[in-house]
Novice: 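Pasting in a structure now, in C-alpha cells, and then I'll have a few things to ask.
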Amino acid sequence: MEQSKITQVFGITPAELKEDIINDVRAELKIIAQNFQPIKPPEYLTRQEVAKILKVSLVTLTDWNKKGILKPYRLGNLIRYKTDEIDQALIAINNVKNKQ
C-alpha cells in the first residue's frame, strides 16, 4: 500500500505561496539564461576567402595543406576550411615564427 505524503504550510496564503514559487522559478531561469550559450554550427570558408584573410596565395594554402598547417575539408570537388581552425592555425604559425 502506498503512503501519501501531505505537506502543510502555515502563515502564508495559497496566492502568496504561488507567487513565491513563480518568483523562485523565474530567478533560476534567469540564471540559466545568463549562462546559456547556444551551440553555433561551424562556419566554413572557401580557399579564396582563407587566402584573403591570411593574405597568402592559393599556392601557399595548398602547401600549408600538405604540411598539415591547415586542415581542408572536401565536399566533392569543393575545399572548405573551418573558421575556428583558421584562427588556431594563425596562432600556431606565430608560435613557430617566434621560436625561430
Novice: Any side-chain heavy atom of Y81 within less than 4.5 Å of one from Y44?
Specialist: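 Sidechains of Y44 and Y81: no contact.
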Novice: Should L45 and L78 be regarded as members of a common hydrophobic cluster, given that ILVMFWY residues are connected when their side-chain heavy atoms come within less than 4.5 Å of each other, either directly or indirectly?
Specialist: no
Novice: Only pairs at least two apart or in different chains count here, so list each salt bridge (charged side-chain N to carboxylate O under 4.0 Å, His left out) that has a residue in residues 67-91.
Specialist: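 Residue pairs with at least one partner in residues 67-91: D63-K67.
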Novice: Going by heavy atoms in the side chains, are L61 and L54 under 4.5 Å from each other?
Specialist: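 When only atoms from C-beta onward are counted, L54 and L61 do touch, with a gap below 4.5 Å.
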Novice: Are I21 and I12 connected into the same hydrophobic cluster when the rule is that any two of I, L, V, M, F, W, Y join if their side-chain heavy atoms are below 4.5 Å apart?
Specialist: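 Yes, I12 connects to I21 through the hydrophobic network.
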Novice: In chain order, what residues pass the side-chain contact (heavy atoms from CB on, under 4.5 Å) check against V59, with sequence neighbours excluded?
Specialist: S57
Novice: Quick one: pull up OG1 in T13 and CD in E19 and give me the separation to the nearest 0.5 Å.
Specialist: 10.0 Å
Novice: Nearest 0.5 angstrom please: I79 CD1 to L58 CG, how far?
Specialist: 9.5 Å
Novice: About how many Å separate CD1 of I86 and CD1 of I53, when rounded to the nearest 0.5 Å?
Specialist: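 If we round to the nearest 0.5 Å, I53:CD1 and I86:CD1 are 7.0 Å apart.
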Novice: Write out all pairs satisfying salt bridge (charged side-chain N to carboxylate O under 4.0 Å, His left out) with one or both partners inside residues 38-51, taking only residues at least two apart or from two chains.
Specialist: none
Novice: Test of understanding: clusters of I, L, V, M, F, W, Y form through side-chain heavy atoms closer than 4.5 Å, transitively. Do L70 and L75 belong to the same one?
Specialist: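 In one cluster: no.
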Novice: Under the side-chain contact (heavy atoms from CB on, under 4.5 Å) test, which residues partner I32, sequence neighbours left out?
Specialist: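 In terms of side-chain contact (heavy atoms from CB on, under 4.5 Å), with neighbours along the sequence ignored, I32 is linked to no residue.
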Novice: Per the side chain to side chain donor-acceptor pair (under 3.5 Å) rule, what does the pair list look like for residues 20-38, sequence neighbours excluded?
Specialist: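 Listed by first then second residue: nothing to list.
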Novice: side-chain contact (heavy atoms from CB on, under 4.5 Å) with S4: which residues, sequence neighbours excluded?
Specialist: none
